[in-house]
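To start, the structure under review is shown below, and the notes come after it.
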Amino acid sequence: MITEVLAAALADSLRESEVEIAVSEIQMERPALREHGDWSSNVALVTAKKVGRNPRELAEELVKAIESGSVDLIERMEVAGPGFINFYLSPRWLHDVLIQVLTEGEESYARLEIGSGQSINLEFVSANPTGPLHAGGGRWGAYGDSLARIFRRCGYQTFTEYYVNDRGLQTELFGASLIARRDGTALPEDGYAGEYVAEWASEMPTNVDPVEWGRKRALTDVQKSLASMNVEFDNWASENALVESGAMEATVAELRAAGWVDERDGATWLRTSAFGDEKDRVLVKSDGEPTYFVPDISYHHEKFERGDLVIDVLGADHHGYVPRMSAALQMLGHPQESYEAIIGQNVTLIKEGQEIKLSKRTGTMVEVSELIEAVGPDVARFAYLLQSVDSRQTIDIDVLSKQGNENPVYYVQYAHARIAAVGREATSRGIERAPLTSIDVELLTQERELELLRCLSMLPEILEIAARDRAPHRVATWLRELAAAFHGFYHDCPVLRSDVESSLQQARLWLVESARVGFAIGLDLLGLAAPEQM
RNA sequence: GCGCCUGUAGCUCAGUUGGAUAGAGCGUCUGAUUACGGAUCAGAAGGUCGGGGGUUCGAAUCCCUCCAGGCGCGCCA
């Protein structure tokens, strides 16, 4: 990477100025303004004070030292502002990027090793099987699935799970609600009031266990919705199966043996406050029934068999639950940093100008399948992924469908389709790409061409940040930038037109191919289709 | 009351480890193609980055405080 070359040159010249700093400590950044060069470093600003020097003077000294050296990609350097060192590079560094993207290709370009040797268990969605997935749950589906793809490309062995709460109070309430709707009797207290309950009740045969039937019906529906937006899981973990295996008793025994369990007021408590939880939690109620917390602990304990790092993606309404789970897992011998909860803020849905509170209980909801039918899976998925999961998301179903052609996902996919169209057109004209080794890539000198390469060069770094920050939206933002760069290039730089000289045409054909690689990787990371035509 | 998240252009949102003149899409206005897909491109207008204080050579970013909004604080799940 070019930044490593520049940082190493800076480190060498700093040593000459009697400043010791590790290459990895030197920050290289892309200036906001093109006039400030291709790359910039603040290293003089950061180190000057420590050695009692004036930053600009130190910077000047470093520039002189590097200029006398032999980093041949540097065209010129300058000291700017309070002491920034700006590097102006030969376009050859971008031509190197082109060759790299093309030789590594879709399979290997921006495939990182940062996670190699580590495994991640990622749980997301895990909505109760008591109804269809609502449009809020779709956010966790899109997010979790894309995050898993990002982790995998970074070299983490990644295992995804959906925890199915297929026993307990909610499933029974749901079964009872189905019966009530079928028989036209009153809903149980706290029963499920959504329209879908009546619909499903009318499908329910009379000779089945409604609880059993209901949870299967709901789970099938959820699975179908998620699959329709290209969300898959490695494991659908059943709470029922877990409980039947005796895991709950084993977990309580293990916690008891570790000395964290108390009996108080006729109930059994876990001293989670010893690990930072705001209070202790009940494991077994005074009526002898375990709380939901117990199977949850068992499940999380077990997940460590399928990953060194266990991550839960949770909605904001569950964030209060994290300290107790973290406490319980530490008691079971899992270090604090091996469990991570990603708290995502909830989705507000707007339909026909009305904000809709998403609640399965009260029945005011928009199903994710309705959203997908209205706008298509890619529009829905991209809309979910465009935004940081830290902030509340507002999805206006009418705006998404109305935006139609101007939708951001089409902007990106259209770029990919255009690339495919160039290929088709080339074929129909009998134009083929010559071997890469015979191409004069230095013919690519126009700003549009270079900008496209600059954008492609950033993908590895973007991927790393997206994984580190658990932020798929960084990839989404990058894809839009790549699309803008490609459309700009396409507009200004003809490829197949008859007046384009053939060596330039060849270089541009390969440039187009490199963009295709970028789109293919980026769209795949987000689980979006890469259409050949639209 | 306490805890977590958020507050950036008219609207929806970007803005990694603190960097130079804070960006994009939509909307508004003005332009571009006898040429590979116009679902495109270029330009304009639009900002006290919620308010105030602090740290720093430098703050949308870090710290304090206030204001506003979302969520959570059960022997419910």
Side-chain angles (χ1 to χ4, degrees), chain A residues 27 29 31-33 35-36 40-42 45-46 48-49 54-56 80-84 86 128 165 168-171 173 190 264-269 278-279 281-287 289-293 296 315-323 343-346 348 383 386-396 399 402-408 410-411 413-415 417-418 420-426 428-429 431 448 461-462 464-466 468-469 471 473-474 476-477 480-481 483-484 486-500 505 508 512 533-534:
Chain A
Q27 295 176 31
E29 47 197 37
L33 296 174
E35 304 94 87
H36 292 150
S40 173
S41 179
N42 61 0
L45 287 161
V46 175
K49 198 171 192 180
N54 172 297
R56 278 199 68 108
F84 292 103
N86 295 338
N128 284 347
N165 298 100
L169 184 62
Q170 294 308 321
T171 54
L173 263 176
D190 290 328
R264 293 203 300 267
D265 308 326
T268 304
W269 295 75
E278 57 188 30
K279 58 179 117 173
R281 305 292 169 176
V282 172
L283 293 177
V284 182
K285 295 183 271 181
S286 49
D287 66 3
E289 283 297 308
T291 61
Y292 79 101
F293 187 33
D296 258 18
D317 51 342
H318 287 88
H319 82 265
Y321 150 101
V322 174
I343 306 301
Q345 299 302 309
N346 294 326
T348 302
L386 220 36
Q387 198 177 133
S388 160
V389 83
D390 286 337
S391 63
R392 213 162 134 239
Q393 183 168 43
T394 304
I395 287 191
D396 188 326
V399 168
K402 218 187 302 172
Q403 267 184 349
N405 293 345
E406 288 143 20
N407 208 288
Y410 294 134
Y411 183 74
Q413 290 181 323
Y414 181 54
R418 272 183 149 177
V422 170
R424 287 191 296 271
E425 183 64 20
S428 78
R429 297 189 193 188
I431 298 170
R448 294 291 207 179
E461 190 186 340
I462 293 290
E464 186 174 349
I465 291 168
R468 186 197 63 199
D469 295 347
H473 78 277
R474 298 298 299 255
T477 303
R480 296 173 78 173
E481 284 167 11
F486 180 77
H487 287 308
F489 158 77
Y490 186 88
H491 190 266
D492 286 359
C493 303
V495 179
L496 299 174
R497 219 168 65 186
S498 54
D499 60 345
V500 178
Q505 180 172 78
R508 284 182 175 167
V512 168
Q533 50 193 314
M534 295 171 67

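Each chain gets a letter, A, B and so on, in the order the sequences are listed, and its residues count up from 1. Please read these numbers as outputs of a predicted model, since none were measured by experiment.
Once the 5.5 Å centre distance and the 30° plane angle are applied, the aromatic ring of H36(A) is found stacked with the base of A20(B). Evaluation of Y490(A) against the base of U40(B) yields no stacking contact (centre distance < 5.5 Å, interplanar angle < 30° required).
Across all their heavy atoms, D190(A) and L173(A) have their closest contact at O-CD1, 3.5 Å. Heavy-atom minimum distance, A415(A) versus F486(A): O-CE2, 3.8 Å. Residue Q345(A) comes nearest to D390(A) through the heavy atom pair CG-O, 2.9 Å, listed as atom of the first residue, atom of the second, then distance.
C76(B) atom C1' lies 15 Å from atom CG of L283(A), rounded to whole Å. Going from atom CD of Q533(A) over to atom P of C36(B) covers 17 Å, rounded to whole Å. Put simply, CG on N346(A) is 12 Å from C1' on C4(B), counting in whole angstrom units. The CD-P distance, from E289(A) to C75(B), rounds to 16 Å in whole Å. G37(B) atom C1' lies 6 Å from atom CZ of R418(A), rounded to whole Å. Here G70(B) presents its C1' atom at 11 Å from CG of D317(A), a figure rounded to the nearest Å. Between the CD atom of E29(A) and the P atom of G18(B) there is a distance of 10 Å, rounded to whole Å. Regarding D265(A), its CG atom lies at a distance of 16 Å from the P atom of G74(B), rounded to whole Å.
For D469(A), there are no side-chain hydrogen bond (donor to acceptor under 3.5 Å, both in side chains) partners, not counting sequence neighbours. Evaluation of the side-chain hydrogen bond (donor to acceptor under 3.5 Å, both in side chains) rule for Q393(A) yields R139(A) as partners, not counting sequence neighbours. Under the salt bridge (Lys or Arg N to Asp or Glu O under 4.0 Å) criterion, E425(A) pairs with R429(A), sequence neighbours left out. Take T291(A) and apply the side-chain hydrogen bond (donor to acceptor under 3.5 Å, both in side chains) test, not counting sequence neighbours, and it matches no residue. Partners of D499(A) according to the salt bridge (Lys or Arg N to Asp or Glu O under 4.0 Å) rule, which considers only residues two or more places apart in sequence or in another chain, are R497(A). Applying the side-chain contact (heavy atoms from CB on, under 4.5 Å) test to A484(A) and every residue at least two apart in sequence or in another chain returns Y411(A). Every residue meeting the side-chain contact (heavy atoms from CB on, under 4.5 Å) condition with R480(A), not counting sequence neighbours, appears here in chain and number order: F382(A), L386(A), P408(A), V412(A). For H36(A), the side-chain hydrogen bond (donor to acceptor under 3.5 Å, both in side chains) test picks out no residue, with sequence neighbours left out.
R508(A) comes within 4.0 angstrom of no nucleic acid atom, judged by non-hydrogen atoms across all strands. Looking at heavy-atom distances under 4.0 Å, E278(A) makes contact with sugar-phosphate atoms alone, never a base. Contact annotation for I343(A): no contact, since no heavy-atom pair falls under 4.0 Å across all strands. Contacts of A80(A) with the nucleic acid, taken as non-hydrogen atoms under 4.0 Å apart, include base atoms. Residue D287(A) is out of contact with every strand shown, counting any heavy-atom pair closer than 4.0 Å.
For the residue pair Y321(A)/D296(A), the side-chain donor-acceptor check at 3.5 Å is satisfied. A donor atom on one side chain and an acceptor atom on the other are found under 3.5 Å apart for H487(A) and R418(A).
Between V422(A) and L496(A) there is a side-chain heavy-atom pair separated by less than 4.5 Å. At a threshold of 4.5 Å between non-hydrogen side-chain atoms, the residues V282(A) and F293(A) do not count as touching. In this structure, P82(A) and P55(A) have side chains that are not in contact, with every pair of non-hydrogen atoms separated by 4.5 Å or more. Between Y292(A) and N165(A) there is no side-chain heavy-atom pair separated by less than 4.5 Å.
The same atom, P, is picked in A35(B) and in U28(B); the two are 28 Å apart, to the nearest Å. As rounded to the nearest Å, G31(B) and G37(B) have P atoms that lie 27 Å from one another. When the P atom is compared between G52(B) and A60(B), the two are found 13 Å apart, to the nearest whole Å. Nucleotides U17(B) and C62(B) are separated by 12 Å at their C1' atoms, to the nearest Å. Nucleotides G38(B) and A42(B) have their P atoms positioned 14 Å apart, rounded to a whole Å. Between C57(B) and A9(B), the two P atoms lie 31 Å apart (nearest whole Å). Atom P of U48(B) sits at a distance of 13 Å from the matching atom of A22(B), rounded to the whole Å. For C64(B) and C2(B), the P atoms lie 14 Å apart once the distance is rounded to whole Å.
Helical stems involving RNA chain B, defined as 3 or more consecutive Watson-Crick or G-U pairs under 3.5 Å, span B:1-7 with B:67-73, B:10-13 with B:23-26, B:28-32 with B:40-44, B:50-54 with B:62-66.
Nearer to the 5' terminus of RNA chain B, by closest-nucleotide assignment, is the contact made by R424(A) (compared with the other of R424(A) and Y321(A)). Two residues, T291(A) and F84(A), neighbour RNA chain B, and the one matched to the more 5' nucleotide by heavy-atom proximity is F84(A).
N86(A) contributes a side-chain N or O that forms a donor-acceptor pair with the base of A20(B) under 3.5 Å. Judged by atom type and distance alone, Y414(A) does not reach the base of A39(B) through any side-chain donor-acceptor pair under 3.5 Å.
Between K285(A) and C76(B) there is a side-chain N or O to OP1 or OP2 distance below 4.0 Å.
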Under 3.5 Å, which protein N or O atoms sit close to an N or O of nucleotides 5-15 of chain B? Give each pair with its distance.
| unit_1 | atom_1 | unit_2 | atom_2 | d |
| --- | --- | --- | --- | --- |
| C5(B) | O2' | Q345(A) | NE2 | 3.4 |
| C5(B) | O2' | D390(A) | O | 2.3 |
| C13(B) | OP1 | T394(A) | N | 3.3 |
| C13(B) | O5' | Q387(A) | NE2 | 3.2 |
| A14(B) | OP1 | S388(A) | N | 2.5 |
| A14(B) | O2' | T477(A) | OG1 | 3.4 |
| G15(B) | OP1 | H473(A) | NE2 | 2.7 |

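Across G3(B), C41(B), G74(B), the shortest atom-to-atom separation from the side chain of R448(A) is found for C41(B). Distances from the side chain of S40(A) to the nucleotides C41(B), A20(B), C75(B) place A20(B) closest. Checked against C36(B), G37(B), C75(B), the side chain of W269(A) finds its nearest nucleotide in C75(B). Taking only side-chain atoms of I465(A), from C-beta outward, the nucleotide of U16(B), C75(B), C36(B) with the closest atom is U16(B).
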B/S/- along nucleotides 55-63 of chain B (protein heavy atoms under 4.0 Å) is -SB------

Base-contact (B) and sugar-phosphate-only (S) positions in nucleotides 27-35 of chain B, heavy-atom cut-off under 4.0 Å, - elsewhere: S----B--B

